[in-house]
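Side-chain atoms are counted along with the backbone in the values below, which use heavy atoms only and exclude waters and symmetry mates.
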Amino acid sequence: MESVLSKCENQITIFTDYLEEFPDTDELVWILGKQHLLKTGGTGPSSDAGWGCMLRCGQMMLAQALICRHLGRDWNWEKQKEQPKEYQRILQCFLDRKDCCYSIHQMAQMGVGEGKSIGEWFGPNTVAQVLKKLALFDEWNSLAVYVSMDNTVVIEDIKKMCCVLPLSVDIADERISDSLTASNHSKGTSAFSLTWKPLLLIVPLRLGINQINPVYVDAFKECFKMPQSLGALGGKPNNAYYFIGFLGDELIFLDPHTTQTFVDTEENGMVDDQTFHCQQPPQRMNILNLDPSVALGFFCKEEKDFDNWCSLVQKEILNENLRMFELVQKHPSHWPPFVPPAKPEVTTTGAEFIDSTEQLEDFDLEEDFEILSV
């Protein structure tokens, strides 16, 4: 019986793959007792071509963070070489399957809560918000994802989010957990030693109105020099790239616009990773051709990494007359109180949770970033 079902599923999959040969019509087609729309095959989009480039760039930035988290920043992939088990687990996070925590399916569905329909193009800020929310369901990587608001990074809020009780401490006693704040941590008054939850820091920015303001160029390039750098998300309208560095006044980027075939876990539990890596050399573009909407990424595995990042920002970013973004010690008094994001109280897995768009209302929508003065 299982073999028969498997054969039927394969036939339906093949049918979906060949929908392009059918006429472009809203008329229903019936297959095995079910009705389907020809435009979707009844299962939604069968490809992210034309709309998923920014989501893929977000995956690339996050994948780099996970490599730094588990394998170290100096680790390099070598073709045909046996890789660490952590590497295979990282790949599993990004497979094009609904049950993988950072799959294109999960990102697109979570984007519904950000006002983006499935199949609609995302901007850098939307991808950042999606990654922040999906990370709440990812216990293995255990990342703290902070997305700055109003071009401002708040040190106090990040420390409050990243300085947590170790797993060995019973957090059922609310009196203990309430007493452990970032302030008493920094003063060393806590009876417990807090651990640092690895930080993925994303700073969405608007560096101009219709084009990037040249006054930000030097500061933008400085961010790629920082040892915590994860590059930047950006590109041109409806055409996203993952920027990883620069040469002179040219940005170096990876282009996600090469359509790849679906890859799944093999019988031995491994993933064929050839298409997960560059199929062609990185490309370059003049920095002034960059769309002003960008999102900078940084990864701080330990607290000392974040403290070092703050020092670099003070030195290289905040000394400019027109600052690219702000770094402040205390939470602004006119802002709503900062509450570290937490996984909603549901009894399902993350994949099942975001399968229902109604339950996405449990998440608060984030305001978009404001335009900087030019």
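- Shortest non-hydrogen contact noted between L318 and F325 is CD2-O, 3.4 Å.
- Atoms CG and CD1, on L296 and I317 in that order, are 8.0 Å from each other to the nearest 0.5 Å.
- Between the side chain of H257 and the backbone N or O of A49 there is no donor-acceptor pair closer than 3.5 Å.
- Residues F94 and M270 fall into different hydrophobic clusters, defined by Ile, Leu, Val, Met, Phe, Trp and Tyr side chains chained together at heavy-atom separations under 4.5 Å.
- The residues E222 and K225 are annotated as salt-bridged, a charged nitrogen and a carboxylate oxygen being separated by less than 4.0 angstrom.
- Ring orientation note: the planes of Y87 and W75 are tilted relative to one another, at an angle of 30° to 60°.
- Taking the six-membered ring where tryptophan is involved, the planes of F243 and Y241 are perpendicular, since the angle between them exceeds 60° and thus also 30°.
- With hydrogens and angles ignored, the 3.5 Å screen pairs no side-chain donor or acceptor of Q88 with any backbone N or O of Q83.
- No donor-acceptor distance shorter than 3.5 angstrom exists from the side chain of Y146 to the backbone of C162, with no hydrogens or angles considered.
- Residues G115 and E120 share a closest heavy-atom pair of O-OE1, 4.1 Å.
- Taking the side chain as every heavy atom from C-beta outward, L71 and P84 approach each other to under 4.5 Å.
- Shortest non-hydrogen contact noted between T275 and Q260 is CG2-OE1, 3.4 Å.
- A single hydrophobic cluster is not seen to contain both L201 and V164; linkage of ILVMFWY side chains at heavy-atom distances under 4.5 Å, directly or through other members, places them apart.
- A donor-acceptor contact closer than 3.5 angstrom is absent between the side chains of D305 and W196.
- Using a 4.5 Å cut-off between side-chain heavy atoms of Ile, Leu, Val, Met, Phe, Trp and Tyr, with links allowed through other members, I155 and V328 fall into the same hydrophobic cluster.
- Residue-environment remark: CD (Q329) exceeds the threshold of 12 foreign heavy atoms within 6.0 Å.
- Once rounded to the nearest 0.5 Å, the distance linking CZ of R69 with CG of L62 reads 12.0 Å.
- Side-chain contact of N141 with H70: a donor-acceptor pair under 3.5 Å is present, judged by distance alone.
- Nearest heavy-atom pair across A342 and L136 is O-CD1, 3.6 Å.
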Verdict with supporting geometry, L55 and D48, side-chain contact (heavy atoms from CB on, under 4.5 Å): CA-CA 9 Å; L55 284 75; D48 65 303; over 6 Å; no
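- By the 6.0 Å contact criterion, CG on N319 is enclosed, its count of non-hydrogen atoms from other residues, nucleotides or ligands being greater than 12.
- Using cut-offs of 30° and 60° on the angle between ring planes, the pair H277 and W77 is parallel.
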Working note: D96 + V263, criterion side-chain contact (heavy atoms from CB on, under 4.5 Å); need CA distance, chi angles, decisive distance, verdict. CA-CA 7 Å; D96 289 342; V263 176; over 6 Å; no
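- Here CG of L134 is found 6.0 Å from CD of Q106. Values are rounded to the nearest 0.5 Å.
- When side chains are defined from C-beta on, P340 counts as touching K160, because their heavy atoms get closer than 4.5 Å.
- Side-chain contact check for R56 and Q59: at least one donor-acceptor pair (N or O, by modelled atom type) lies under 3.5 Å.
- Counting heavy atoms of neighbouring residues, nucleotides and ligands inside a 6.0 Å radius, atom CD of E139 does not exceed 12 of them.
- Put simply, I104 and V271 are part of the same group of oily side chains (I, L, V, M, F, W, Y) that touch within less than 4.5 Å, one to the next.
- Remark: side-chain polar atoms of E78 are not paired, donor with acceptor, to backbone N or O of N76 under 3.5 angstrom.
- Side chain of T152 to backbone of E326: no donor-acceptor contact under 3.5 angstrom is found.
- No donor-acceptor pair under 3.5 Å is formed between the side chain of E303 and the backbone N or O of T195.
- Side chains of F306 and Q228 form no contact here, defined as non-hydrogen atoms less than 4.5 Å apart.
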Test E302 against K304 for salt bridge (Lys or Arg N to Asp or Glu O under 4.0 Å), laying out the working first. CA-CA 5 Å; E302 300 179 4; K304 64 180 180 180; 3.6 Å; yes
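- Within the model, atoms CD1 of I244 and CZ of F224 stand 9.0 Å from one another, a figure rounded to the nearest 0.5 Å.
- For the residue pair N239 and W121, the shortest heavy atom distance occurs at N-CZ2, 3.7 Å.
- Linking ILVMFWY side-chain heavy atoms closer than 4.5 Å, directly or via other members, places V203 and L322 in a single hydrophobic cluster.
- Taking the side chain as every heavy atom from C-beta outward, F298 and V153 never approach each other to under 4.5 Å.
- At least one donor-acceptor pair closer than 3.5 Å links the side chain of R206 to the backbone N or O of G208.
- Rounding to the nearest 0.5 angstrom, the gap separating the CE atom in M161 from the NZ atom in K197 is 8.5 Å.
- Within the 4.5 Å cutoff, no side-chain heavy atoms of R89 are placed close to those of L66.
- In this structure, OG on S293 lies 11.5 Å from CD1 on I209, to the nearest 0.5 angstrom.
- Looking at P227 and L312, their side chains come closer than 4.5 Å, going by heavy atoms from C-beta outward.
- The side-chain hydrogen bond (donor to acceptor under 3.5 Å, both in side chains) search around N289 returns none, not counting sequence neighbours.
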Let me see the working for T265 and R97 under side-chain contact (heavy atoms from CB on, under 4.5 Å), right down to the final yes or no. CA-CA 10 Å; T265 307; R97 288 173 29 183; 3.8 Å; yes
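- What you find for V145 and A135 is that their closest heavy atoms are CG2-CB, 3.5 Å.
- Counting heavy atoms from C-beta outward, M107 and L131 have side chains that approach closer than 4.5 Å.
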Apply side-chain contact (heavy atoms from CB on, under 4.5 Å) to the pair W140 and I90, showing each step before the final yes or no. CA-CA 10 Å; W140 177 59; I90 292 173; 4.0 Å; yes
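- Proximity of Q129 to M110: side-chain heavy atoms (C-beta onward) are nowhere separated by under 4.5 Å.
- Within a 6.0 Å sphere centred on CD of Q211, heavy atoms belonging to other residues, nucleotides or ligands number 12 at most.
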